[in-house]
Amino acid sequence: MTDLKRTPLYSAHTELGARMMPFAGFDMPVQYEGIISEHLATRSAVTIFDTCHMGEIRVTGNSALSSLERIVSCNLTDLPAGRCRYGLMCNEQGGVVDDLLVYRMGDAEFLLVVNAGTKDFDLSWIRRHADDTTCVTDETDETAKLDIQGPGSVRVMGRLMENPVADMKYYAWKTNRFNGRDVLVSRTGYTGEMGFEVYCGPDAALDIWNSALEEGVVPAGLGARDTLRLEAGLPLYGHELSADRNAAESGLHRAISKEKNFIGSEAVNSGAPSFELTGLELEGRRTARAKDLVTGPSGEEIGVVTSGSFCPSVKKALALAYVKAGATRRGEVLSIQTARQVLQVSLVDRPFYKDGTVRRPASEFI
Amino acid sequence: MTPDDRKYALTHEWLMIEENVGTVGITDHAQNSLGDITFVELPTVGEAVKKGDECAVIESVKAASDIYSPATGIISEVNSAVEDSPETINKDPYGDGWIFRLENMEEAGELVSADEYEKNLDSE
């Protein structure tokens with residue numbers, strides 16, 4: 001095995017007895033006490049995730065906006081400083097090379113938060129397609145990131161941070177201070193719950209982590225992160241999003257501008273997509289897994305599963321799948337061919353979990 | 001601790017024989033490796049199984065695993081309670097989390113003692 005990278009929180013994970021697993025080149029915690037308990041703690045209380053592995057890329061210069069408008073699928077001109085937005089980077093064929101959050105830092109300054117496994121590619125892709133006068137800097141190694149998620153996150157963040165967070169709107173960011181150190185806080189996350197992402201220097205990460213645990217925040221691993229995002233119907237790069245699948249098929253309309261030209265926009269915005277990302281509910285507790293085939297009423301192959309798991313809050317086995325557009329109707333019974341047997345599934349709306357607190361005002365949770 | 005009142009397969013099942021009836025479950029190590037168990041497919045009562053046959057399936061949030069019969073025999077009883085509450089296997093793998101029982105046992109596979117099973121885990 002090649003040498004795995006460690007986040008600044010590695011020793012905290014091993015001291016807690018976390019089960020570690022290689023993920024995108026990092027040795028990352030999958031679970032501490034258990035995926036289901038960490039999942040449920042996020043929905044009902046508050047958890048903290050080590051997301052230091054993710055990539056941060058700063059893009060600056062007078063041409064930064066025009067460069068990023070060409071590289072990223074969502075509109076950025078109308079994104080004010082103090083807000084962030086979810087977008088995709090596409091290739092010329094309309095496939096997705098990564099999904100990302102774009103933070104508007106100022107008129108001529110942006111911070112991109114990208115997936116760990118794609119960061120190096122992203123960096124070269126952005127440099128290749130940005131204007132020569134745009135400055136693109138990899139700040140991943142100097143940036144630690146912690147996600148504090150769940151309805152209890154507002155109170156905990158209020159105690160940890162020097163400045164208030166309860167006034168922050170969904171997808172807003174603010175600079176803040178923790179123990180005299182500068183941090184950036186956004187009201188974002190990947191769980192479907194009220195929550196915050198905290199960016200800080202690597203030397204502050206362990207202090208924030210330990211202070212959160214002292215406040216009763218439950219550590220949660222990548223296992224719960226995956227079941228939470230699946231229940232919330234959120235895509236995961238490498239599963240729902242990939243370079244060989246047209247972005248339009250993802251149904252991420254809010255992330256894809258129809259009013260501007262970006263790399264791949266012609267392929268993405270030309271006509272109806274041939275597949276649609278679809279939510280499937282399995283009839284029993286048995287789960288489907290990525291790459292299982294979806295078949296129609298007469299056994300014909302109509303799609304493929306991209307993610308599947310038993311989902312602890314919905315208490316059902318659920319899956320996301322790309323299904324041929326027009327091949328199905330809501331309520332129609334389809335099948336999934338797993339490695340072991342054929343399972344009956346029906347089409348259901350996303351998000352699978354509908355009681356998430358993510359869009360409620362933070363002030364309700366003080 | 002691994003109970004020493006039964007035998008173990010190196011595929012992480014246990015077999016406890018009482019009055020010619022064998023009870024089968026998975027070890028604490030197995031349930032811990034699988035993590036939170038969410039689904040159990042039980043064999044059918046009356047089914048004849050050979051040692052080493054895949055005769056049950058356990059799924060967890062992250063993985064799926066076949067359960068191999070540690071002996072040849074006829075399935076005489078299954079633990080239906082774990083179908084509705086699969087987490088029982090996590091909580092009590094050597095007790096309430098048993099999976100099935102075997103009668104007319106002919107041949108137990110190459111089973112080992114609790115001590116040997118633990119030593120084998122250490123060397124894995």
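Just so it is clear, the values below take in all heavy atoms, side chains as well, and ignore hydrogens, waters and symmetry mates.
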Can you tell me how far the NZ atom of B:Lys62 sits from the OG1 atom of A:Thr227, to the nearest 0.5 Å?
-> 7.0 Å
Does anything in residues 88-100 of chain B pair up under salt bridge (Lys or Arg N to Asp or Glu O under 4.0 Å), and if so which pairs, sequence neighbours excluded?
-> none
Contact list (residues 75-84 of chain B to chain A, heavy-atom gap under 4.5 Å, by number) returns B:Glu83, B:Asp84
Is it true that atom NZ of B:Lys50 has more than 12 heavy atoms of other residues, nucleotides or ligands lying nearer than 6.0 Å?
-> no
Checking heavy atoms, do the side chain of A:Glu33, its backbone, both or neither come under 4.5 Å from chain B?
-> neither
Check whether B:Val40 gets within reach of chain A through its side chain, its backbone, both or neither, counting any heavy atom under 4.5 Å.
-> neither
Determine, stepwise, if the pair B:Asn32 / A:Arg19 fulfils side-chain contact (heavy atoms from CB on, under 4.5 Å).
-> CA-CA 10 Å; B:Asn32 189 48; A:Arg19 184 169 302 164; 3.4 Å; yes
Value for CD (B:Glu59) from CZ (A:Arg286), rounded to nearest 0.5 Å, stands at 5.0 Å
Backbone of B:Thr38 reached by a side-chain donor or acceptor of A:Arg285 within 3.5 Å = yes
Does B:Gly35 offer a backbone N or O that forms a donor-acceptor pair with the side chain of A:Gln31 under 3.5 Å?
-> no
Could you pull out the closest heavy-atom pair between B:Asp36 and A:Ile36, with the gap in Å?
-> OD2-N, 2.6 Å
Heavy atoms from other residues, nucleotides or ligands near CG of B:Asp5 exceed 12 (cutoff 6.0 Å) | yes
